[in-house]
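Encoded as structure tokens, the structure appears first; notes follow it.
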Amino acid sequence: MNTAQIASAARILIVFFGGIAVNRGLATQEQVDLLSDVTMLTAIVGGIAALVAAVYGVWMRRPAGIVASAAKLPEVSEIKTTPALADAVPNGKVQSAR
């Protein structure tokens, strides 16, 4: 899916759930209109994408993520590491040094 398709799907979901919220008195029509505005929706989707990219980057840069990435390389045949890190990476190439 490209950005336009994601924004379109998000806009449809906001209008759908916004209609339910307005019907139940949880939101006003103006609030739903503001959230489904193209400019606001683009900012929200962009912010969420940046947040997901940041969280993924931090997650992959943890020690187990780095070792797992290295173990996926075809030129790497074996990785010796601490027992705790070897247990955290489910790959046959990663072994405890002890």
Side-chain angles (χ1 to χ4, degrees):
M1 291 181 85
N2 62 30
T3 307
Q5 291 171 323
I6 292 171
S8 179
R11 198 168 28 255
I12 290 168
L13 290 173
I14 288 172
V15 170
F16 176 76
F17 289 112
I20 293 171
V22 169
N23 188 31
R24 294 186 178 192
L26 302 173
T28 65
Q29 186 63 48
E30 291 79 21
Q31 291 170 330
V32 174
D33 290 342
L34 177 67
L35 287 177
S36 63
D37 179 60
V38 174
T39 305
M40 178 66 80
L41 190 59
T42 302
I44 292 170
V45 170
I48 291 171
L51 183 62
V52 167
V55 168
Y56 178 76
V58 169
W59 178 256
M60 289 307 296
R61 300 307 331 147
R62 72 192 200 294
I66 294 170
V67 171
S69 295
K72 290 179 184 175
L73 297 173
E75 58 269 11
V76 174
S77 61
E78 183 179 54
I79 298 174
K80 296 273 188 184
T81 185
T82 63
L85 191 54
D87 291 341
V89 179
N91 190 311
K93 293 180 181 179
V94 181
Q95 301 172 1
S96 174
R98 294 180 188 170

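Worth knowing before you read on, the calculation uses all heavy atoms, side chains too, and leaves out hydrogens, waters and symmetry mates. Given the structure is predicted, the values throughout are model-derived calculations rather than measurements. Numbers here simply count residues along the sequence, with the first being 1.
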### Query
Got V67 and N91 here, is their nearest side-chain heavy-atom distance under 4.5 Å?
no
### Query
Does atom NZ of K80 have more than 12 heavy-atom neighbours from other groups under 6.0 Å away?
yes
### V32 reachable from F16 in the ILVMFWY side-chain graph, under 4.5 Å edges
no
### Between CG on residue L35 and CZ on residue R11, distance to nearest 0.5 Å
12.5 Å
### Atom pair CG (L34) and CD (Q31), whose distance is rounded to the nearest 0.5 Å
8.5 Å
### Task
Indicate yes or no for a side-chain donor-acceptor contact from K93 to the backbone of A70 under 3.5 Å, with no hydrogens or angles considered.
no
### Message
When you group the ILVMFWY residues by side-chain heavy-atom contacts below 4.5 Å and let the links chain together, are V94 and L73 in the same group?
### Response
yes
### Query
Is there a path of hydrophobic side-chain contacts, each under 4.5 Å between heavy atoms of I, L, V, M, F, W or Y residues, that connects F17 with I44?
no
### Task
Check the hydrophobic clustering (I, L, V, M, F, W, Y; side-chain heavy atoms under 4.5 Å; chains of links allowed) and say if V89 and I66 are grouped together.
no
### Message
To check you understand the geometry: which heavy-atom pair defines the closest contact between S96 and A86, and what is its length?
### Response
N-CB, 3.8 Å
### Query
Under a 4.5 Å side-chain heavy-atom rule over Ile, Leu, Val, Met, Phe, Trp and Tyr, are I48 and I14 clustered together?
yes
### Task
Rounded to the nearest 0.5 Å, what's the gap from CD1 on I20 to CG on N23? Could you check?
8.5 Å
